[in-house]
Each structure stands twice: as structure tokens, then as C-alpha cells.
Amino acid sequence: MTPPLVRSGDVLRLSRAASVQFVRPITVRVIRVLTDWHTYDGWVWIDAYVLDAAGDAVSRRTLFLQPAGAGHLKAPVRTPAARTPVSRKVSTS
């Protein structure tokens, strides 16, 4: 068995090239590769977080895919949410 081309921490773009289940592409961050789950040659099971456009995890999924069809991405740069200044009341007494 060849080692998986996917590792924990990888950010992947999954489309139909990775599996027919990805009709709409999704972006995921790999939690772990389930190496003890038996698969067909060239396929892997992974636990992953589905990421939204901001790079936040929105759900956790277990996925079956071909790593050769997965697009490796750089981890999304997270920008902190804009903070609204808090107005402080000044006592005039």
C-alpha cells in the first residue's frame, strides 16, 4: 500500500476529480487520514472540517476520496472580524 498523499492539517479543494459526491466543490481541512479503514487502491477515508469562505470550520465530515484528484491549497488567511468601538459614557458629576 502506498502512503496517502493527504496529511493532517492539509487544506484541500474537493471537486468531482476527487469523487463524484462533490458535485459542488468544497474546501476542507484534514483532521486525520483513516489509514485503518480498508479502501480501493488510490482512495482514502479522511475526517475533515468543511471550511467556509472565511476559513472557519462549519461542519465535520468523514469523506471517501481520491487524493490524486484533490487540490492542495495554502491554509486560508483568517482576518479578524471588524470590531465596533465601544462608546464609554463619561460621568460628569
Steps toward side chain to side chain contact (heavy atoms under 4.5 Å, CB included) verdict (L73, T27)
CA-CA 9 Å; L73 305 174; T27 303; 4.0 Å; yes
Cut-off 3.5 Å, side chains only: do R32 and S8 have a donor facing an acceptor?
no
Minimum heavy-atom separation for V30 and A48, please, with both atom names.
CA-CB, 4.2 Å
Indicate yes or no for a side-chain donor-acceptor contact from D10 to the backbone of L12 under 3.5 Å, with no hydrogens or angles considered.
no
Flag yes if Y40 and V20 sit in one hydrophobic cluster, no otherwise; membership is Ile, Leu, Val, Met, Phe, Trp, Tyr, and two members link when side-chain heavy atoms are under 4.5 Å apart.
no
Same cluster or not: are W45 and V33 linked, directly or through other Ile, Leu, Val, Met, Phe, Trp or Tyr residues, by side-chain heavy atoms under 4.5 angstrom apart?
no
Mind listing the closest non-hydrogen atom pair of I26 and F22 along with its distance?
CD1-CE2, 3.7 Å
Candidate pair V28 and L63, rule side chain to side chain contact (heavy atoms under 4.5 Å, CB included), full reasoning:
CA-CA 10 Å; V28 299; L63 303 167; 4.1 Å; yes
Hey, any chance V50 and I46 share a hydrophobic cluster, counting ILVMFWY side chains that come within less than 4.5 Å of each other, even indirectly?
yes
If you round to the nearest 0.5 Å, how far is CD of Q21 from CZ of R16?
10.5 Å
With distance as the sole test, does Q66 use its side chain to make a donor-acceptor pair with the main-chain N or O of V44 at under 3.5 Å?
no
V11 vs Y49 side-chain heavy atoms within contact, under 4.5 Å
no
Trace of the side chain to side chain contact (heavy atoms under 4.5 Å, CB included) decision for V58 with L51
CA-CA 6 Å; V58 293; L51 304 178; over 6 Å; no
According to a hydrophobic-cluster definition based on side-chain heavy atoms being under 4.5 Å apart (Ile, Leu, Val, Met, Phe, Trp, Tyr only), do F64 and L14 belong together?
no
Looking only at heavy atoms, which two atoms of W43 and A18 are closest? And how far apart?
CZ3-O, 3.9 Å
Say you draw a straight line from CZ of R29 to CZ of R60; how long is it, rounded to the nearest 0.5 Å?
13.5 Å
